[in-house]
Undergrad: 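Handing you a structure now.
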Amino acid sequence: AQSVTQLDSQVPVFEEAPVELRCNYSSSVSVYLFWYVQYPNQGLQLLLKYLSGSTLVESINGFEAEFNKSQTSFHLRKPSVHISDTAEYFCAVSDVRRKLIFGQGTELSVKP
Amino acid sequence: EAQVTQNPRYLITVTGKKLTVTCSQNMNHEYMSWYRQDPGLGLRQIYYSMNVEVTDKGDVPEGYKVSRKEKRNFPLILESPSPNQTSLYFCASSLGSGGDGYTFGSGTRLTVV
């Protein structure tokens with residue numbers, strides 16, 4: 001069975017500092033990997049996804065994630081965060097049956 | 001605008017009073033799903049539908065029902081709500097393969113007293 005573990009429930013960081021949100025997954029089959037972001041009182045928005053090909057994927061707002069098959073990880077990084085990045089971030093894995101399995105979420109809190 | 005629309009956004013009800021949360025998508029997506037979100041547990045799948053008249057249980061289906069009579073609509077029914085169903089509910093839809101990801105609705109915050 002597939003599962004996703006987000007290693008940090010809360011990550012506080014100062015504005016303009018780098019951040020890494022960690023995600024590990026387990027699966028016996030090929031998977032698709034996703035990061036979703038949830039701003040306060042809103043639904044989830046797709047941030048980026050890995051399907052195949054280049055192991056480094058980027059979003060339009062400066063986040064990137066690297067697929068590491070040997071370590072079964074898909075960590076999310078940003079070199080310099082903004083106050084507006086404060087949100088909850090969810091890592092998820094999907095198989096070809098389209099079911100999304102989510103991690104428990106990481107609350108990113110960016111302080112001035 | 002392509003979107004998934006859920007109603008209502010907020011609902012407070014009493015134990016045992018049947019309720020329906022509606023979900024509609026305008027993207028002609030085949031796949032639709034309901035999730036509940038609880039603190040520390042992330043999102044857990046309740047039910048999903050691969051297409052019209054095709055539905056199946058997710059990880060936490062107890063106490064819920066769904067139907068898919070039309071492609072665009074996927075209502076969630078709580079026949080006899082209980083306090084442990086107090087949660088934030090999300091409807092989502094997807095076009096095709098597992099690589100498409102989901103489009104989510106804005107959520108329904110349900111409180112059962």
Side-chain angles (χ1 to χ4, degrees), chain A residues 1-10 21-25 27-54 57 59-60 65 67 74 87-107, chain B residues 1-10 21 23-25 27 29-51 54-61 74 87-109:
Chain A
Q2 295 166 317
S3 66
V4 177
T5 302
Q6 291 182 242
L7 299 165
D8 307 290
S9 59
Q10 294 179 322
L21 307 184
R22 297 179 294 168
C23 172
N24 286 102
Y25 70 93
S27 176
S28 58
V29 299
S30 297
V31 297
Y32 306 119
L33 293 159
F34 304 84
W35 276 99
Y36 283 83
V37 58
Q38 183 180 29
Y39 298 104
N41 298 314
Q42 294 186 27
L44 281 77
Q45 303 172 30
L46 180 64
L47 189 60
L48 48 76
K49 63 182 178 181
Y50 170 79
L51 305 182
S52 64
S54 173
V57 291
S59 71
I60 59 173
F67 170 61
F74 191 54
E88 188 156 19
Y89 292 79
F90 290 93
C91 182
V93 63
S94 171
D95 62 18
V96 293
R97 297 176 303 161
R98 293 176 277 185
K99 178 179 178 178
L100 266 185
I101 298 167
F102 288 88
Q104 299 90 333
T106 298
E107 285 187 31
Chain B
E1 179 187 355
Q3 59 185 357
V4 176
T5 303
Q6 290 179 235
N7 280 297
R9 288 293 308 275
Y10 301 92
V21 183
C23 173
S24 181
Q25 50 94 3
M27 296 165 283
H29 284 175
E30 290 183 349
Y31 185 93
M32 297 186 74
S33 182
W34 277 101
Y35 283 82
R36 61 177 288 173
Q37 182 181 9
D38 301 289
L41 297 177
L43 285 88
R44 296 176 292 169
Q45 191 181 53
I46 303 171
Y47 269 94
Y48 66 95
S49 170
M50 303 285 273
N51 213 324
V54 181
T55 64
D56 207 349
K57 298 177 181 178
D59 299 316
V60 287
F74 190 46
S87 187
L88 180 58
Y89 292 86
F90 288 103
C91 181
S93 70
S94 173
L95 177 59
S97 72
D100 291 324
Y102 291 2
T103 300
F104 281 85
S106 299
T108 296
R109 186 168 292 281

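Residue numbers begin at 1 in each chain, while the letters A, B, ... track the order of the sequences. Source: prediction; values computed, not measured.
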Undergrad: In terms of heavy-atom proximity below 4.5 Å to chain B, should Q6(A) be classed as side chain, backbone, both, or neither?
TA: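 No part of Q6(A) comes within 4.5 Å of chain B.
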
Undergrad: Which residue pairs satisfy the salt bridge (charged side-chain N to carboxylate O under 4.0 Å, His left out) criterion with at least one member in residues 32-41 of chain B, sequence neighbours excluded?
TA: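 Qualifying pairs: R36(B)-D38(B), D38(B)-R44(B).
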
Undergrad: Are the side chain of Y102(B) and the backbone N or O of L100(A) linked by a donor-acceptor pair below 3.5 Å?
TA: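 Here the side-chain-to-backbone pair exists.
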
Undergrad: Before giving the answer on side chain to side chain contact (heavy atoms under 4.5 Å, CB included), spell out for L88(B) and Q38(A) the whole-Å C-alpha distance, their side-chain angles and the decisive distance to 0.1 Å.
TA: CA-CA 13 Å; L88(B) 180 58; Q38(A) 183 180 29; 4.1 Å; yes

Undergrad: Could you tell me which portion of Q37(B) (side chain, backbone, both or neither) has an atom closer than 4.5 angstrom to a non-hydrogen atom of chain A?
TA: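 For Q37(B), the contact with chain A is made by the side chain alone.
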
Undergrad: In the structure I gave you, are the side-chain heavy atoms of Y31(B) and K99(A) within less than 4.5 Å of one another anywhere?
TA: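 Side chain of Y31(B) against side chain of K99(A), heavy atoms only: contact under 4.5 Å found.
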
Undergrad: So for Y50(A), is it side chain, backbone, both, or neither that comes closer than 4.5 Å to the heavy atoms of chain B?
TA: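 Contact with chain B: none, neither part.
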
Undergrad: Among D59(B), V4(B), T103(B), which residue has the highest count of heavy-atom pairs closer than 4.5 Å to chain A?
TA: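 When all of D59(B), V4(B), T103(B) are compared, D59(B) has the most.
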
Undergrad: Enter the distance from L43(B):CG to Q104(A):CD here, rounded to the nearest 0.5 Å.
TA: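 Those atoms lie 11.0 Å apart.
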
